[in-house]
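For this chain, numbers begin at 1 and follow the sequence in order.
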Amino acid sequence: MTKAQEIAYDLREQIQSGRLSGGEALPSESKMMSQYGYSRETVRAGVRLLIEEGLVVTGQGQGKYVRQDYPPVVWNWTTLESRSRHATAVEGRTAGDQWASAIAENGNAPRQDITVSIVEPPRHVRECLELPDDGLAVARKRVRFIDNQPYALADSYFPQELVSGTPLMEPRDVSAPGGVLASVGLVQTKYKDEISVRMPTRQEAELLALPAATPVAEHTRTGYDADGRPLRCMVTILPGDRHKILYEVDTD
């Protein structure tokens, strides 16, 4: 091993064994120079290796900290948007939309920063919604927080002509028995899911305060009515260090 790799190996062992816990500051550069007997540049190179691995993050100033673990959230996408859950979306019985309700049921505090705008949707969303090249969509973009920590991004797109004048144009949590779309006569009877795993964009990393080397899952769910017409396309960005996706599949 190089000298920098030697330092990284020792610090990695301390992190993995729990001697250095999540959120704890690494020893100062001066202390590590004395401990390992190497130059400041070599110490920095060793710590940089752990930053690239995602085990160490940079705090305010020059501080370096062990990456903090997030309590994982388990999503059962099979039932999250089921009719039975939609039926309970009544004021006073849930915490808003279904995501917020599920988080509240687990004893955590959900919060969403919501913006609504009329946009030219991204290409893959346009294709999912079967919009023409100049077609517009209503975009409900949400940054989702759990206990004030950013956990996910969820952007829902709707063909503009379908939802203009409905509660979906309001920049706040909205809900209705059976779902907001169903309450205005747009009933989703089928979903198509697509999942890809990739590194985040710079904007996604900033919104979610992601440490280096954190992959995300991009979950795209398109909802269709009984005639096969697409009604909604939701794109959810789930950081890999704080989510687990669960599916239950009927073998029939």
So do the side chains of [X] and [Y] get within less than 4.5 Å of each other, counting heavy atoms only?
X	Y	result
Met169	Val138	yes
Phe145	Gln112	no
Arg232	Met234	yes
Val119	Leu136	no

Exercise for review: For residues Ala209 and Pro150, report the shortest heavy-atom separation together with the two atoms involved.
Suggested key: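 Ala209 and Pro150 have their closest heavy atoms at CB-CG, 4.2 Å.
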Check your understanding: Ala45 and Ala4: which non-hydrogen atoms are nearest, and at how many Å?
Key ->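 For Ala45 versus Ala4, the nearest heavy atoms are CB-CB, 3.8 Å.
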Does the side chain of [X] come under 3.5 Å of the side chain of [Y] through a donor N or O and an acceptor N or O?
X	Y	value
Asp10	Tyr36	yes
Ser17	Arg19	yes
Ser156	Arg142	yes
Asp225	Gln188	no
Thr214	Arg67	yes

Exercise for review: To the nearest 0.5 Å, tell me how far Leu26 CG sits from Lys31 NZ.
Suggested key: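 Going from CG on Leu26 over to NZ on Lys31, the span is 11.0 Å.
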Check your understanding: So among Leu238, Thr236, Leu246, which one has a side chain to side chain contact (heavy atoms under 4.5 Å, CB included) with Trp75?
Key ->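 Testing each of Leu238, Thr236, Leu246 against Trp75, the sole residue satisfying side chain to side chain contact (heavy atoms under 4.5 Å, CB included) is Leu238.
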Point to revise | Residue of the set Asp113, Ile114, Thr115 for which side chain to side chain contact (heavy atoms under 4.5 Å, CB included) holds with Lys141 | key: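 So, applying the side chain to side chain contact (heavy atoms under 4.5 Å, CB included) to Lys141 and each of Asp113, Ile114, Thr115, only Thr115 qualifies.
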Review point. Does the pair Val216 and Glu218 meet the rule for a side-chain contact (heavy atoms from CB on, under 4.5 Å), with working shown?
Key: CA-CA 6 Å; Val216 297; Glu218 178 179 304; 5.7 Å; no
Practice item. State plainly whether the residues Glu29 and Lys64 are in salt-bridge range, i.e. N to O under 4.0 Å. Key: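 No, Glu29 and Lys64 are not salt-bridged.
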Check your understanding: Do the charged groups of Arg48 and Glu41 touch, with an N to O distance under 4.0 Å?
Key ->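 Yes.
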**Study point:** Aromatic centroids of Tyr224 and Tyr191 separated by under 6.0 Å
**Key:**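 No, too far apart.
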**Study point:** Donor-acceptor contact below 3.5 Å, side chain His243 vs main chain Tyr151
**Key:**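 The answer is yes, because a donor-acceptor pair under 3.5 Å joins these two groups.
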Check your understanding: Where do Arg140 and Glu170 land on the salt bridge (charged side-chain N to carboxylate O under 4.0 Å, His left out) test, with the steps shown first?
Key -> CA-CA 9 Å; Arg140 289 179 58 83; Glu170 301 173 16; over 6 Å; no
